[in-house]
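These notes are about the structure you will find just below.
Every number for a ligand or one of its atoms is a count from 1 in the order of the listing.
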Amino acid sequence: MGRLSSAFWKVLGGSRRRALSRSRAVVATAATLEEEYRELTEAELADRLAALSRRRPVDGDDGGTAGGTATFDRDDLVRFLALAREVSRRRLDMPAFDVQLLAAARMFAGDVVEMLTGEGKTLAGAIGATAFALRGRQVHVISVNDYLARRDAEWMAPLYEAFGLTVAWISATSTPRERETAYAADVTYAAVSEFGFDVLRDRLGTDPIVPAPQVALVDEADSVLVDEARVPLVLAGSTSGAAPDSIITDIVRALKPDVHYRTDEDDRNVFLTEKGAAAVEDALGGVDLYSEEHVGTTLSQVNVALHARVLLRRDVHYLVRDGRVQLINESRGRVAELQRWPDGLQAAVEAKEGLAVSDTGEVLDTMTVQALISRYPTVCGMTGTARAADEQLRTFYDLGVSIIPPNRPCIRVDEPSRVYATIADKEAAIVDYVARTHETGQPVLIGTMDVAESEHLAKLLERAGVDCVVLNAKNDAAEAAIIAEAGALGAVTVSTQMAGRGTDIRLGGSDQADHEKVKELGGLCVVGTNRHVSRRLDEQLRGRAGRQGDPGRSIFFSSLEDDLVVRHAPDARLPTATQEDGQVTGPAAERLLDHAQRVADAALLEIHSNTFRYSRLSERHRAILDERRDVLLGTDTALRELERRCPDRYRELSAEIDEEVLVSVARRITLFHLDRCWVEHLAFLSDLRESIHLHALGKQNPLDEYHRAAIPAFRDLLGEVDERAARTFEEATITAEGIDLDDAGLVRPTATWTYLVQDNPFGSELDRAFRGIRRMLDGRRGRADDED
Ligand code: ADP
Ligand code: MG
């Protein structure tokens, strides 16, 4: 296998390099037109733009179809790139650099490009999107958040307009009308969740607003395609769910660590001990938690309450603010406004904090980010760190990576990492390092892991007489404004992981008079207070310094007590030789951190693959339902089907009621049951996953088991829809006015809302089932054996 695959990759690598060098040649040719285009009058330029735009294929031409491979011929591409440079010079006051044109060309060819932070991906992406749009293909630019979607759409609008294209943006607060208008534009900017929620809402409604997906151009592609890929987007409806009741919350509150429950090494799981299970059973009046009757209900409530109490920590995983629990997105280190935890956990945390418990809701439909992206026949993107995500991008999305060189070489100095024995030593060293750097006036940006750490560190810095700005969990716009000043003379900014991503940090901040001074001081100094779970995230932080050939400096501080080591290298022999200040000497410490990081990275990849394997089946089933829905919406199939099943009823009704009315009645009835059955199917699948893992202690592969049960269940679903529809058709009151679904007892949820399922510290639902429940059962068995 080894030889074949390495030969294979060599060939592929060769073809990638050739593709990149072809694009370079095109850009070089475009550059020869620069002088000529600069001299053009506005009218002449307009003519050239119009000439290019006119080549846009008309409807019915293959360039406009979703799967088409619309492209420019070489000469057109050369002219297009040269025009893009000239337009960006005149309309945006930033003539695109060669490397930006190269990146645009590679995105137009369907790659993810790696371009360092500050190299100007916004413009490169807009030029790429323009190319697609000129070939008649609608582009969705997937932005990091609402704020950036709007900023980039407005910033780039003059470019699009010059090419005769329309551009629009969507944010969480956009109304349905605004969304519809935005989707009609040639290029639409929005955060991934907005695109996803609209698709989910469309699937439930009768008037879809999202057009057939064509091109997705993803900003910060690794973050969306890899870090958040397995995050499910959820559409929920209002009915009450199974959150733990207050009795259980109280019982769990009384349990003692190590006696009644234990957590595993990496704190991703908590489980009852034998004593704990007995205590809960007693407190509930002698039930058997592990009996058929209680496993799926009482025991899961106890688990949820236990997770909420033990694993979810205030200020690390969530904040309590304005009487609400606000989740902190772990990968971004900031408040995730629209996110909730799944499976009653949200309510359990609210109960733990003594807050009003919110409605859990019922999952009406769900889709992972990965499934959303897979809908697009063409996907491309850009990020500062693609190389390290190469494998995932290839495996999960079949995407290639093009590395775009920087416009000016990067001269940032990356200092060797420092590793300390304890967190306290590390913190002292960080404060000392920052204070000394700050004395010179050089701006410092400190990247911490979470809100709690950032606040703690800020306190230590203040104590040492260093004024700093703490940047966390504010809204995106406010954050952007603050981070934009992180390069100002003497600034010290403490941020969480991804805070302010997408915002440019200029040396000197808004006071460009200081630009040269800060440059002389060595530019921005970035200090990482932890190694992240993946090298890619380390690189993202480093990349904040040394933009566009600026000077800059980066350094990481770690300790052997850091989460990364404790969780992912718990059995490692820790190096012991330290200096007086607690710094660990010798290369072993660094190697240990690298090792822990690789383990963490691999674990995440495994979780991702696993979610992917499980969700693929239901995504396929959902696609079948979507096709069915389209047929029902566009034809009289629903009525014909009911006529076949209930001929007498049909005859009776059609004697008095217009065919047209009956067509619409039949459609509404069938769609209602279809949507309802899907909701029930999703709930079934979720139970199935839990129970399979309860029973998967034998030899069967849980995924096979899952498929074995899920496939027939889906087949039954289609029959069930028809049967229920026939029953309604027979029994409901149907008049010349149609049917009152509410009267017929077919009530759709009164309110729907959307959320992203927050990644929680004990992993996905699956992950948890895999590990936690197995452990509990093992414990349980041990107990049974003892009793025998
Ligand atoms: P990235 O997304 O790659 O981090 P941005 O798109 O935010 O970078 O751009 C970074 C900065 O570079 C912005 O301030 C932008 O104005 C500037 N910039 C981008 N392209 C050019 C250009 N061709 N000429 C001059 N400035 C540019
Ligand atoms: Mg950007």
Side-chain angles (χ1 to χ4, degrees), residues 27 30-31 34 37-38 81-104 106-107 112-130 141-159 169 189 191-192 217-224 332 380-386 402-408 410 412 445 476 479-481 483-487 498-510 512 515 523-524 526 539-550 552:
V27 170
E34 179 164 7
Y37 282 22
R38 261 186 108 148
L81 293 174
L83 282 170
R85 168 173 289 158
E86 191 51 31
V87 170
S88 61
R89 180 198 318 277
R90 294 190 194 188
R91 303 282 184 275
L92 300 172
D93 196 23
M94 40 183 199
F97 304 126
D98 280 353
V99 290
Q100 285 172 307
L101 295 183
L102 179 62
R106 292 316 302 155
M107 282 188 262
V112 170
V113 299
E114 175 173 291
M115 267 179 110
L116 302 181
T117 306
E119 285 289 305
K121 287 187 281 292
T122 316
L123 175 59
I127 294 173
T130 301
V141 179
I142 298 181
S143 308
V144 176
N145 57 41
D146 282 3
Y147 162 75
L148 290 173
R150 178 178 182 167
R151 183 200 74 176
D152 292 354
E154 289 178 344
W155 187 11
M156 295 295 132
L159 175 85
W169 52 269
Y189 284 72
V192 69
L217 192 155
V218 189
D219 193 6
E220 307 291 0
D222 58 331
S223 141
V224 172
R332 298 190 182 185
C380 61
M382 49 196 187
T383 167
T385 40
S402 281
I403 312 289
I404 309 297
N407 186 42
R408 288 203 218 119
C410 177
R412 184 188 63 230
L445 175 69
D476 294 315
E479 229 171 60
I483 201 113
E485 289 305 309
M498 307 274 286
R501 210 177 165 182
T503 307
D504 196 28
I505 302 181
R506 289 171 190 244
L507 299 188
S510 53
Q512 283 301 295
H515 181 83
L524 181 66
V526 166
E539 293 306 316
Q540 274 168 14
L541 178 61
R542 266 193 222 289
R544 306 298 318 228
R547 73 181 265 288
Q548 294 194 6
D550 282 343

Looking only at N/O atoms, are Q100 and ligand 1 under 3.5 Å apart anywhere? yes
Would you say R151 and T122 make side-chain contact, with heavy atoms under 4.5 Å? yes
Heavy atom of the protein closest to atom 4 (O) of ligand 1 (residue, atom name, distance): G118 N, 2.6 Å
Where do A149 and Y189 come nearest, in terms of heavy atoms and distance? O-CB, 3.6 Å
Side-chain heavy atoms of M107 within contact of L217, under 4.5 Å: yes
Judged by non-hydrogen atoms, does E119 sit under 4.0 Å from ligand 1? yes
With only distance considered, is P95 within less than 3.5 Å of ligand 1 through an N or O on each side? yes
In this structure, atom 9 (O) of ligand 1 is nearest to the protein heavy atom G120 CA, 3.5 Å
Pull out every atom of ligand 1 sitting under 4.0 Å from any heavy atom of A96, numbered as shown with elements. 23 (N)
Quick one: look up the protein heavy atom nearest atom 17 (C) of ligand 1 and list residue, atom name and how far away it is. Q548 NE2, 4.0 Å
Polar-atom distance check: R506 versus ligand 1, any N or O pair below 3.5 Å? yes
Where the closest heavy atom to atom 5 (P) of ligand 1 is concerned, which of L101, T503, T122 has it? T122
Short N or O distance, D504 and ligand 1, threshold 3.5 Å exclusive: yes
Do E114 and I403 come within less than 4.5 Å of each other through their side chains, counting heavy atoms only? yes
Give the atom numbers and elements of ligand 1 that come within less than 4.0 Å of a heavy atom of L116. 3 (O)
Output the list of atoms in ligand 1 that are nearer than 4.0 Å to some heavy atom of R547, sorted by atom number. 11 (C), 12 (O)
Do Q540 and E220 have side chains that get closer than 4.5 Å, going by heavy atoms? no
Polar-atom distance check: K121 versus ligand 1, any N or O pair below 3.5 Å? yes
Do side-chain atoms of R85 reach the backbone of P95 as a donor and acceptor pair under 3.5 angstrom? no
Considering only heavy atoms of T117, which atoms of ligand 1 have at least one such atom less than 4.0 Å away? 4 (O)
Any sub-3.5 Å donor-acceptor pair from Q548's side-chain atoms to N407's backbone N or O? no
Taking C-beta and beyond as the side chain, do V526 and R412 meet within less than 4.5 Å on heavy atoms? no
How close do A84 and L101 get, heavy atom to heavy atom, and via which atoms? CB-CD2, 4.5 Å
Can you tell me how far CD of Q100 sits from CE of M115, rounded to the nearest 0.5 angstrom? 5.0 Å
Protein heavy atom at shortest distance from atom 25 (C) of ligand 1: M94 CB, 3.5 Å
